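Below is one structure, written out as C-alpha coordinates, with a few remarks after it.
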Amino acid sequence: MHQDEIWDAEAAQRYDTPGTGMFAPEILGPTVDRLAALAGGGRALEFAVGTGRVAVPLAQRGVPVTGIELSLPMIEQLRTKADEATIPVVVGDMATATAPGEYSLVYLVYNTVSNLLDQAEQVACFRNAARHLRPGGRFVIELWVPELRKLPPGVQATVWHTEPGYLGLDTYDVLRQRVVSHHFRFGEGSEARLYRSPHRYIWPAELDLMGQLAGFELESRHADWSGAEFTEESRSHVSVYRLPG
(Lines give C-alpha, C1' and ligand atoms only; values in the text may rest on other atoms or scores of the structure.)
Protein backbone atom coordinates (compact mmCIF):
# COMPACT_ATOMS: atom_id res chain seq x y z
CA MET A 1 0.00 0.00 0.00
CA HIS A 2 1.46 3.35 -1.11
CA GLN A 3 0.34 6.66 0.38
CA ASP A 4 -1.09 7.95 -2.90
CA GLU A 5 -3.20 4.78 -3.11
CA ILE A 6 -4.48 5.16 0.46
CA TRP A 7 -5.41 8.84 0.29
CA ASP A 8 -7.52 8.58 -2.85
CA ALA A 9 -10.79 10.34 -3.75
CA GLU A 10 -12.87 7.97 -1.62
CA ALA A 11 -10.66 8.53 1.42
CA ALA A 12 -10.82 12.30 0.94
CA GLN A 13 -14.61 12.22 0.79
CA ARG A 14 -14.99 10.26 4.03
CA TYR A 15 -12.15 11.98 5.90
CA ASP A 16 -14.08 14.98 7.21
CA THR A 17 -16.45 14.32 10.12
CA PRO A 18 -17.47 17.85 11.22
CA GLY A 19 -18.06 18.11 14.95
CA THR A 20 -17.17 14.49 15.72
CA GLY A 21 -14.10 12.26 15.96
CA MET A 22 -10.89 14.21 15.41
CA PHE A 23 -13.01 17.19 14.31
CA ALA A 24 -14.71 17.34 17.73
CA PRO A 25 -14.32 20.76 19.39
CA GLU A 26 -12.71 19.25 22.48
CA ILE A 27 -9.95 17.80 20.25
CA LEU A 28 -9.57 20.46 17.59
CA GLY A 29 -9.91 23.47 19.90
CA PRO A 30 -6.86 22.77 22.10
CA THR A 31 -4.83 21.77 19.02
CA VAL A 32 -5.43 25.10 17.32
CA ASP A 33 -4.93 27.06 20.56
CA ARG A 34 -1.53 25.48 21.18
CA LEU A 35 -0.31 25.84 17.61
CA ALA A 36 -1.39 29.49 17.44
CA ALA A 37 0.59 30.18 20.62
CA LEU A 38 3.66 28.32 19.33
CA ALA A 39 3.57 30.24 16.03
CA GLY A 40 4.20 33.38 18.06
CA GLY A 41 2.78 35.69 15.42
CA GLY A 42 4.83 34.11 12.62
CA ARG A 43 4.02 31.91 9.65
CA ALA A 44 3.17 28.20 9.98
CA LEU A 45 3.77 25.28 7.63
CA GLU A 46 1.73 22.08 7.95
CA PHE A 47 3.28 18.87 6.64
CA ALA A 48 0.54 16.60 5.19
CA VAL A 49 -2.10 19.33 5.40
CA GLY A 50 -4.80 16.97 4.11
CA THR A 51 -8.28 18.46 3.93
CA GLY A 52 -7.36 21.33 6.23
CA ARG A 53 -8.74 19.97 9.52
CA VAL A 54 -6.19 22.04 11.46
CA ALA A 55 -4.98 24.51 8.83
CA VAL A 56 -8.38 26.09 8.18
CA PRO A 57 -9.24 27.00 11.81
CA LEU A 58 -5.61 28.02 12.43
CA ALA A 59 -5.73 30.39 9.46
CA GLN A 60 -9.04 31.74 10.76
CA ARG A 61 -7.17 32.60 13.97
CA GLY A 62 -4.94 34.91 11.95
CA VAL A 63 -1.92 32.59 11.55
CA PRO A 64 -0.66 32.52 7.93
CA VAL A 65 -0.63 28.81 7.00
CA THR A 66 0.98 27.04 4.05
CA GLY A 67 0.64 23.30 3.45
CA ILE A 68 2.54 20.45 1.84
CA GLU A 69 0.38 17.54 0.69
CA LEU A 70 0.95 14.46 -1.49
CA SER A 71 -2.70 13.62 -2.24
CA LEU A 72 -4.48 15.63 -4.93
CA PRO A 73 -7.95 14.42 -3.80
CA MET A 74 -7.22 15.65 -0.26
CA ILE A 75 -6.19 19.04 -1.65
CA GLU A 76 -9.41 19.18 -3.71
CA GLN A 77 -11.39 18.63 -0.51
CA LEU A 78 -9.41 21.38 1.20
CA ARG A 79 -10.27 23.73 -1.66
CA THR A 80 -13.97 23.46 -0.78
CA LYS A 81 -13.07 25.27 2.46
CA ALA A 82 -10.18 27.61 1.60
CA ASP A 83 -8.73 28.91 -1.65
CA GLU A 84 -5.07 29.00 -2.70
CA ALA A 85 -4.65 32.58 -1.54
CA THR A 86 -5.87 31.69 1.96
CA ILE A 87 -3.94 28.43 2.36
CA PRO A 88 -1.28 27.87 -0.34
CA VAL A 89 -0.39 24.20 -0.85
CA VAL A 90 2.74 22.67 -2.36
CA VAL A 91 2.09 19.24 -3.91
CA GLY A 92 4.73 16.78 -2.74
CA ASP A 93 6.17 14.49 -0.10
CA MET A 94 6.59 16.04 3.35
CA ALA A 95 10.08 14.53 3.63
CA THR A 96 11.40 16.30 0.53
CA ALA A 97 9.04 18.98 -0.83
CA THR A 98 9.96 22.65 -0.34
CA ALA A 99 7.56 25.49 0.41
CA PRO A 100 8.61 29.08 -0.31
CA GLY A 101 9.65 31.38 2.49
CA GLU A 102 10.68 30.95 6.11
CA TYR A 103 8.49 29.85 9.01
CA SER A 104 8.36 30.14 12.77
CA LEU A 105 6.41 26.87 13.09
CA VAL A 106 6.26 23.57 11.21
CA TYR A 107 3.75 21.03 12.51
CA LEU A 108 2.80 17.43 11.78
CA VAL A 109 -0.28 16.16 13.59
CA TYR A 110 -2.39 13.07 14.21
CA ASN A 111 0.35 10.41 13.88
CA THR A 112 1.12 11.33 10.27
CA VAL A 113 4.91 11.09 10.62
CA SER A 114 4.38 7.33 10.93
CA ASN A 115 3.02 7.30 7.36
CA LEU A 116 6.68 7.48 6.30
CA LEU A 117 7.53 3.80 6.29
CA ASP A 118 11.27 3.72 6.96
CA GLN A 119 13.61 5.44 9.37
CA ALA A 120 15.55 7.29 6.69
CA GLU A 121 12.37 8.98 5.43
CA GLN A 122 11.40 9.98 8.95
CA VAL A 123 14.84 11.52 9.57
CA ALA A 124 14.54 13.32 6.23
CA CYS A 125 11.22 14.75 7.42
CA PHE A 126 12.92 16.30 10.46
CA ARG A 127 15.64 17.75 8.25
CA ASN A 128 13.04 19.14 5.88
CA ALA A 129 11.31 20.84 8.79
CA ALA A 130 14.61 22.37 9.89
CA ARG A 131 15.24 23.72 6.39
CA HIS A 132 11.97 25.65 6.50
CA LEU A 133 12.39 27.17 9.96
CA ARG A 134 13.98 30.42 11.02
CA PRO A 135 16.49 30.27 13.93
CA GLY A 136 14.54 29.55 17.11
CA GLY A 137 11.67 28.04 15.13
CA ARG A 138 9.70 25.03 16.33
CA PHE A 139 8.70 21.67 14.86
CA VAL A 140 5.67 20.06 16.55
CA ILE A 141 4.76 16.39 16.21
CA GLU A 142 1.68 14.59 17.53
CA LEU A 143 2.26 10.83 17.67
CA TRP A 144 0.96 7.70 19.37
CA VAL A 145 3.06 5.55 21.67
CA PRO A 146 3.51 1.96 20.40
CA GLU A 147 1.43 -0.39 22.53
CA LEU A 148 3.81 -3.32 22.51
CA ARG A 149 3.22 -4.01 26.20
CA LYS A 150 -0.18 -5.37 25.12
CA LEU A 151 1.45 -8.04 22.94
CA PRO A 152 2.09 -11.31 24.79
CA PRO A 153 4.41 -13.83 23.12
CA GLY A 154 2.91 -15.20 19.93
CA VAL A 155 0.27 -12.45 19.58
CA GLN A 156 0.65 -9.94 16.76
CA ALA A 157 -2.44 -7.73 17.08
CA THR A 158 -4.06 -5.36 19.55
CA VAL A 159 -7.60 -3.98 19.62
CA TRP A 160 -7.22 -0.28 20.30
CA HIS A 161 -10.78 0.97 19.97
CA THR A 162 -14.33 -0.40 19.93
CA GLU A 163 -17.67 1.35 19.70
CA PRO A 164 -21.05 0.52 18.14
CA GLY A 165 -20.48 0.08 14.42
CA TYR A 166 -16.70 0.31 14.60
CA LEU A 167 -13.70 -1.85 15.52
CA GLY A 168 -10.06 -0.72 15.32
CA LEU A 169 -7.10 -3.06 15.61
CA ASP A 170 -3.38 -2.93 14.82
CA THR A 171 -1.20 -5.77 13.54
CA TYR A 172 2.50 -5.51 14.38
CA ASP A 173 5.68 -6.54 12.62
CA VAL A 174 8.14 -5.96 15.46
CA LEU A 175 11.13 -7.01 13.35
CA ARG A 176 10.66 -4.13 10.89
CA GLN A 177 8.94 -1.79 13.37
CA ARG A 178 5.83 -1.73 11.19
CA VAL A 179 2.15 -1.69 12.05
CA VAL A 180 -0.97 -1.86 9.93
CA SER A 181 -4.10 -0.22 11.34
CA HIS A 182 -7.35 -1.97 10.41
CA HIS A 183 -10.60 -0.01 10.64
CA PHE A 184 -13.79 -2.08 10.44
CA ARG A 185 -17.14 -0.29 10.02
CA PHE A 186 -20.39 -2.25 10.08
CA GLY A 187 -24.12 -1.88 10.49
CA GLU A 188 -26.93 -4.25 11.36
CA GLY A 189 -26.15 -6.71 8.56
CA SER A 190 -23.51 -9.41 8.31
CA GLU A 191 -20.99 -7.46 6.21
CA ALA A 192 -18.30 -4.97 7.25
CA ARG A 193 -16.22 -2.39 5.39
CA LEU A 194 -12.45 -2.51 5.93
CA TYR A 195 -9.98 0.35 5.59
CA ARG A 196 -6.26 -0.25 6.24
CA SER A 197 -3.25 2.04 6.63
CA PRO A 198 0.44 1.08 7.08
CA HIS A 199 2.76 2.87 9.50
CA ARG A 200 6.25 2.72 10.96
CA TYR A 201 6.01 3.20 14.71
CA ILE A 202 8.55 5.35 16.56
CA TRP A 203 9.46 5.35 20.24
CA PRO A 204 9.72 8.82 21.83
CA ALA A 205 13.47 8.31 22.44
CA GLU A 206 14.01 7.43 18.78
CA LEU A 207 12.02 10.50 17.76
CA ASP A 208 14.27 12.66 19.95
CA LEU A 209 17.36 11.24 18.25
CA MET A 210 15.87 12.08 14.85
CA GLY A 211 15.44 15.62 16.12
CA GLN A 212 19.07 15.78 17.24
CA LEU A 213 20.26 14.59 13.83
CA ALA A 214 18.38 17.52 12.26
CA GLY A 215 19.75 20.05 14.75
CA PHE A 216 16.72 20.27 17.07
CA GLU A 217 16.47 20.27 20.84
CA LEU A 218 13.43 18.82 22.62
CA GLU A 219 11.66 21.77 24.22
CA SER A 220 8.63 20.01 25.73
CA ARG A 221 6.56 16.84 25.65
CA HIS A 222 3.00 16.49 26.91
CA ALA A 223 0.35 13.78 26.73
CA ASP A 224 -2.06 16.00 24.77
CA TRP A 225 -2.56 19.46 23.30
CA SER A 226 -3.89 20.81 26.61
CA GLY A 227 -0.55 20.19 28.32
CA ALA A 228 -1.32 17.09 30.41
CA GLU A 229 1.75 15.41 31.91
CA PHE A 230 3.38 12.76 29.75
CA THR A 231 3.81 9.54 31.76
CA GLU A 232 4.62 5.87 31.17
CA GLU A 233 0.87 5.27 30.75
CA SER A 234 0.34 7.95 28.09
CA ARG A 235 -0.95 6.58 24.79
CA SER A 236 0.23 9.54 22.70
CA HIS A 237 2.31 12.69 22.96
CA VAL A 238 2.72 16.19 21.58
CA SER A 239 6.45 16.90 21.26
CA VAL A 240 7.87 20.35 20.54
CA TYR A 241 11.36 20.57 19.02
CA ARG A 242 13.22 23.86 18.69
CA LEU A 243 16.13 25.03 16.58
CA PRO A 244 18.84 26.99 18.38
CA GLY A 245 18.81 30.71 17.81
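On a predicted model such as this, the values are computed, not experimentally measured, just so you know.
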Problem - Rounded distance (nearest 0.5 Å) linking atom OH of Tyr103 with atom CG of Leu105 - result: 11.5 Å

Exercise for the section: Please check if the side chain of Arg242 supplies one atom and the backbone of Gly136 the other of a donor-acceptor pair under 3.5 Å. Expected result: yes

Exercise for the section: Report whether Val179 and Val159 are members of the same hydrophobic cluster (ILVMFWY, side-chain heavy atoms less than 4.5 Å apart, transitive linking). Expected result: no

Exercise for the section: List the steps and the verdict of side-chain contact (heavy atoms from CB on, under 4.5 Å) for Val238 and Tyr107. Expected result: CA-CA 10 Å; Val238 175; Tyr107 64 94; over 6 Å; no

Exercise for the section: State the CZ-CE distance between Arg127 and Met210, to the nearest 0.5 angstrom. Expected result: 10.5 Å

Handout entry: NZ/NE/NH1/NH2 to OD/OE distance under 4.0 Å, Glu232 and Arg149
Key = no

Problem - Check ion pair Asp118-Arg176 (N to O, under 4.0 angstrom) - result: no

Handout entry: Flag side-chain contact, heavy atom, 4.5 Å: Leu207 against His237
Key = yes

Fill in the blank from the handout: Heavy atoms of Arg61 and Asp33 approach each other most closely as NH1-OD1, 2.7 Å

Practice task
Hey, could you give me the CZ/CG distance between Phe126 and Leu213, rounded to the nearest 0.5 Å?
Solution key: 9.5 Å

Problem - Side-chain donor-acceptor pair present, Gln177, Gln119, cut-off under 3.5 Å - result: no

Practice task
Heavy atoms only: give me the nearest Pro57-Gly52 pair and the separation to one decimal.
Solution key: CD-O, 3.7 Å

Exercise for the section: Apply side-chain contact (heavy atoms from CB on, under 4.5 Å) to Arg134 and Ser104, showing your working. Expected result: CA-CA 6 Å; Arg134 61 169 176 77; Ser104 63; 3.5 Å; yes

Exercise for the section: May I ask you to test the Glu121-Arg200 pair for a side-chain heavy-atom distance under 4.5 Å? Expected result: no

Practice task
Say whether Tyr166 and Phe184 are linked into one hydrophobic cluster, either directly or through other cluster members, by side-chain heavy-atom distances under 4.5 angstrom.
Solution key: no

Handout entry: Side-chain touch Leu143/Ser114, heavy atoms, less than 4.5 angstrom
Key = yes

Practice task
Run the salt-bridge test on Glu147 and Arg235 with the 4.0 Å N-O cut-off and return the result as yes or no.
Solution key: yes

Exercise for the section: Check each of Ile27, Val32, Thr31 against Trp225 using the side chain to side chain contact (heavy atoms under 4.5 Å, CB included) test, and report the only one that passes. Expected result: Thr31

Exercise for the section: List the atom of Ala97, the atom of Val90, and the distance in Å for their closest heavy-atom pair. Expected result: CB-CG1, 4.4 Å

Fill in the blank from the handout: Minimal heavy-atom distance between Asp93 and Leu70, with the atoms involved, is N-CD1, 4.1 Å

Problem - Glu229 CD: over 12 foreign heavy atoms closer than 6.0 Å - result: no

Handout entry: Val54 vs Leu28, side-chain contact (heavy atoms from CB on, under 4.5 Å): CA-CA, chis, key distance, verdict
Key = CA-CA 7 Å; Val54 175; Leu28 194 52; 4.0 Å; yes

Practice task
Answer yes or no: is there a donor N or O on one side and an acceptor on the other, between the side chain of Ser226 and the main chain of Ala228, under 3.5 Å?
Solution key: no

Problem - Shared hydrophobic cluster, Leu209 / Leu243 (ILVMFWY, side-chain heavy atoms < 4.5 Å) - result: no

Handout entry: Sub-4.5 Å side-chain heavy-atom contact between Thr158 and Tyr172
Key = yes

Handout entry: Test item: Thr51 side-chain N/O and Leu78 main-chain N/O as donor-acceptor pair under 3.5 Å
Key = no

Practice task
State, with a plain yes or no, whether a side-chain heavy atom of Val180 is found less than 4.5 Å away from one of Asp173.
Solution key: no

Exercise for the section: Report yes if the side chains of Ser181 and Asp170 come closer than 4.5 Å at any heavy-atom pair, otherwise no. Expected result: yes

Handout entry: Residue pair Val63 / Ala39: nearest heavy atoms and the distance that separates them
Key = CG1-CB, 4.0 Å

Handout entry: Atom pair CE/CD of Met94 and Gln122 - distance to nearest 0.5 Å
Key = 8.5 Å

Handout entry: Beyond-backbone contact of Gln156 with Thr171, side-chain heavy atoms, under 4.5 angstrom
Key = no

Handout entry: Polar side chain donor-acceptor pair, Ser197 to His199, under 3.5 angstrom
Key = yes

Handout entry: Side chain proximity check, Ile87 to Lys81, heavy atoms < 4.5 angstrom
Key = no

Practice task
Please lay out, stage by stage, how Trp160 and His182 fare under the test ring pair (Phe, Tyr, Trp, His ring centres under 6.0 Å).
Solution key: CA-CA 10 Å; Trp160 54 269; His182 302 71; over 10 Å; no

Practice task
Return the orientation label for the Tyr241 and Phe139 ring planes: parallel under 30°, perpendicular over 60°, tilted otherwise.
Solution key: tilted

Exercise for the section: Spell out, yes or no, whether Phe186 and Tyr195 are grouped together once hydrophobic residues are joined by side-chain heavy atoms under 4.5 Å, including indirect joins. Expected result: no

Handout entry: Common cluster, Val174/Ile202, ILVMFWY with side-chain heavy-atom separation under 4.5 Å
Key = yes

Handout entry: Nearest-0.5 Å distance that lies between atom CG in Asp83 and atom OG1 in Thr80
Key = 11.5 Å

Practice task
Given side-chain contact (heavy atoms from CB on, under 4.5 Å), test Val240 with Arg34 step by step and report yes or no.
Solution key: CA-CA 11 Å; Val240 180; Arg34 183 81 189 282; 3.6 Å; yes

Practice task
Write down the atom of Leu58, the atom of Ala44, and the distance for their closest heavy-atom approach.
Solution key: CD2-CB, 4.4 Å

Practice task
Enter the distance from Glu219:CD to Ser239:OG here, rounded to the nearest 0.5 Å.
Solution key: 11.5 Å

